[in-house]
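None of these values were measured; they are calculated from a predicted model. Chain naming here is simple, since letters A, B, ... match the order of the sequence lines and numbering starts at 1 in each. Both backbone and side-chain heavy atoms feed into the values below; hydrogens, waters and symmetry mates do not.
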2 protein chains.
Amino acid sequence: MAKIHEVAKAAGVSISTVSYALSGKRSISPDTRRRIEEAARELDYRPNAGARMLAGRRTQIFALTEPFRADTHAPAHMAFVLATSIAARRFEYDILLLTEEEASAGMRRVASSGLADGVLVLDVAPDDERVDLARRIALPTVFIGVPDDHEGLVCVDLDFEAAAALAVDRLADLGHRSIGFVGHPPTAYEKSNFPPRVRRGLEARAAERGLDCTTVLPESDGPRRAPVRDAVRGLVEAGATALVLHCDDASHAVALDELATLGRRVPEEVSVVSVGATFDTAAFHPPIDSVPLVPSASCELAVELAMRMVDGGEVPAAVHLIAPEYRAHGSTAPPGGASD
Amino acid sequence: MAKIHEVAKAAGVSISTVSYALSGKRSISPDTRRRIEEAARELDYRPNAGARMLAGRRTQIFALTEPFRADTHAPAHMAFVLATSIAARRFEYDILLLTEEEASAGMRRVASSGLADGVLVLDVAPDDERVDLARRIALPTVFIGVPDDHEGLVCVDLDFEAAAALAVDRLADLGHRSIGFVGHPPTAYEKSNFPPRVRRGLEARAAERGLDCTTVLPESDGPRRAPVRDAVRGLVEAGATALVLHCDDASHAVALDELATLGRRVPEEVSVVSVGATFDTAAFHPPIDSVPLVPSASCELAVELAMRMVDGGEVPAAVHLIAPEYRAHGSTAPPGGASD
DNA sequence: GCCCGCAATCGAAGCGCTTCGACAACTCAC
DNA sequence: GTGAGTTGTCGAAGCGCTTCGATTGCGGGC
């Protein structure tokens with residue numbers, strides 16, 4: 001492993017010049033810079049991480065805490081982990097993994113040993129124990145998700161209310177007057193933070209736009225996922241011309257399957273929109289319009305805020321909401337028209 | 001953040017004494033040690049990570065490279081990541097995440113910047129590009145999985161051949177004479193390393209024990225996963241009294257569903273054993289006997305080997321196979337007996 | 001009573017980098 | 001031509017720890 005000393009010698013300059021040339025923190029003559037960069041490349045030089053941390057008071061590392069609970073949805077979770085890692089690399093930061101019980105103890109450990117410059121909190125629960133911890137440690141911390149008590153915290157999340165409203169607007173604009181909402185199982189509305197936000201946004205905007213809106217929160221298990229099927233059947237038979245889905249991917253598939261079973265074509269007879277999904281709604285048959293929760297968007301914003309905090313910038317201790325985006329895949333159309 | 005200096009002052013000793021007391025590398029009088037530990041606790045002291053890396057020539061970090069390909073099975077993958085992290089923490093090591101393209105470039109980066117003491121390689125492909133890289137970098141590297149060309153590498157994996165043989169033995173011991181093997185789709189036998197090993201082990205042991213064995217490698221998709229259903233039906237109708245499954249979890253469920261559809265009770269009429277599964281086979285209906293691939297076993301061994309290499313110990317550059325273990329859940333019984 | 005060996009402790013030398021302040025060597029306005 | 005300002009470079013002082021070698025004090029063998 002080459003050291004800065006060797007690069008300096010190879011380029012015929014002093015150690016500090018190499019450091020400045022490589023960091024760009026002082027101006028260096030083009031010629032000298034070129035020689036240094038060449039020498040560094042030649043020797044495959046990279047600053048020693050430990051030395052850099054010590055001298056530079058920067059670790060270039062973010063800790064990522066993820067308790068990984070039993071009910072964590074692995075594919076979605078992985079997408080967030082991945083997105084965080086990629087976002088961090090853009091700033092030349094690495095991700096240190098803090099899992100399970102270590103998600104809390106690890107935060108303390110990392111904070112007091114100066115192993116990381118900041119903490120990113122994933123898989124946030126409403127009553128997350130990492131909330132108190134985050135207030136106590138002196139490390140920039142960003143929550144990806146919103147705990148119930150988020151006073152004084154920096155959080156990042158999709159604007160779920162606006163997302164639901166966007167779905168409603170789309171349907172209202174198309175002329176739908178009666179829509180059905182298929183949500184998560186009822187328990188999710190106590191255990192999680194965002195399902196109520198979706199519901200609230202949906203019902204509020206539906207009322208504003210004068211839409212008839214019926215909400216069903218079916219259990220997602222049971223034989224053949226009957227509750228979801230029943231919900232779908234009940235809603236369309238009651239006259240809903242559009243369905244808004246905010247549930248897991250299996251329930252999406254079941255809902256579509258039930259519509260097919262009922263002989264209701266999408267979108268000719270029933271429009272379908274998914275809200276807040278982390279999975280690919282275009283992969284369903286038929287592909288489903290979606291106002292998704294995009295992991296990369298959340299994670300990029302989180303990393304960006306964390307970076308700003310590390311750099312001493314001002315970041316409001318608040319929930320930073322991400323504007324929703326409508327992704328059309330052909331599953332919505334004006335109501336009542338079987339016209340092909 | 002407290003520094004060693006403050007601990008030393010609080011305990012009334014020198015800095016080096018604190019270091020020795022906390023690391024245990026030299027003998028310290030019980031009384032002094034107690035005072036130091038107390039002071040450290042009081043001040044919530046933890047050695048600064050950067051300083052420790054620099055002075056101690058140890059980062060206490062393992063890099064975990066995981067390309068996370070499109071076809072990666074997220075839940076299984078998460079289980080490995082988690083298991084690695086937990087195993088590493090036992091040795092007071094942290095895990096640094098290297099994802100995607102960074103899985104390779106990151107290895108180089110981490111190696112030449114001294115950010116980690118070793119590398120753990122996950123999600124290994126047969127022709128993995130990290131193989132060459134591992135040979136070039138001067139960092140202890142352990143593969144969790146076996147690439148085709150593993151000459152000179154330290155690899156860890158379940159002994160898939162022995163696992164399959166163990167399943168066969170179980171069935172042979174119970175008196176079965178004709179078994180069916182439902183494997184992964186054919187392409188998996190070119191793209192992955194372990195499916196052929198399972199097949200080889202199974203067929204060889206079946207031959208040794210004089211069992212009739214029929215292998216089917218059904219596609220795992222298609223309408224209603226018909227190929228798997230067809231495979232199961234064909235096998236039992238041809239007289240197989242036991243099924244060995246080595247396929248994804250959805251195919252397991254489908255196979256069981258098909259047996260139920262056919263009216264063949266498990267285990268009274270058909271015995272079923274799963275080989276090499278990373279998911280919970282006891283959660284099926286009925287629960288299925290299994291010779292599983294246990295993430296924690298693989299990851300613990302991998303971390304242990306990596307630790308030994310970091311400590312300068314001798315570790316043979318070879319595939320370290322993990323002995324399989326039979327987990328009975330009541331899905332096997334002697335053949336031909338409907339006796340409940 | 002002397003010397004040896006051992007246990008317990010300390011001081012100081014780095015580890016490889018960043019960064020501060022200093023200092024030439026220039027440029028340029030007047 | 002002089003003084004002020006600018007640009008490019010250097011030396012040296014740490015960053016907070018580990019670890020080596022030295023030192024002190026003590027008990028025991030002879």
Taking 4.0 Å as the cut-off, does a side-chain nitrogen or oxygen of [X] come that near to OP1 or OP2 on [N]?
{"X": "B:Lys25", "N": "D:dT18", "answer": "no"}
{"X": "A:Tyr45", "N": "C:dC17", "answer": "yes"}
{"X": "B:Ser19", "N": "D:dT19", "answer": "no"}
{"X": "B:Ser29", "N": "C:dA7", "answer": "no"}

Quick check: on DNA chain D, is the nucleotide nearest A:Leu54 upstream (toward 5') of the one nearest A:Ser14, or the reverse? Name the residue that is more 5'.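 Nearer the 5' end of the strand: A:Ser14.
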Are A:Glu151 and A:Arg135 side-chain neighbours, meaning at least one heavy-atom pair lies under 4.5 Å? yes
| task | Tell me whether the centres of the aromatic rings in B:Phe143 and B:His150 are closer together than 6.0 Å. | result |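 That pair fails the under 6.0 Å test.
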From the candidates C:dC10, C:dG16, D:dC17, the one with an atom nearest any side-chain atom of B:Ala51 is D:dC17
The side chain of A:Ala55 is closest to which nucleotide in this list: C:dC17, D:dC10, C:dT9?
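Out of C:dC17, D:dC10, C:dT9, the nucleotide with an atom closest to A:Ala55's side chain is C:dC17.
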_I'd like to know if B:Tyr20 reaches the base of C:dC10 with its side chain, counting only an N/O donor and acceptor under 3.5 Å._
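Absent.
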Contacts of B:Ala79 meeting side-chain contact (heavy atoms from CB on, under 4.5 Å) (sequence neighbours excluded), chain-then-number -> B:Pro295
Hey, does [X] reach any base, or is it just sugar-phosphate, or nothing, if we go heavy atoms under 4.0 Å?
{"X": "B:Ser16", "result": "base"}
{"X": "A:Ser23", "result": "nothing"}
{"X": "B:Arg26", "result": "base"}

*Can you see which heavy atom on A:Leu139 is nearest to which on A:Ala111, and at what distance?*
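Where A:Leu139 meets A:Ala111 most closely, the heavy atoms are CD2-CA, 3.8 Å.
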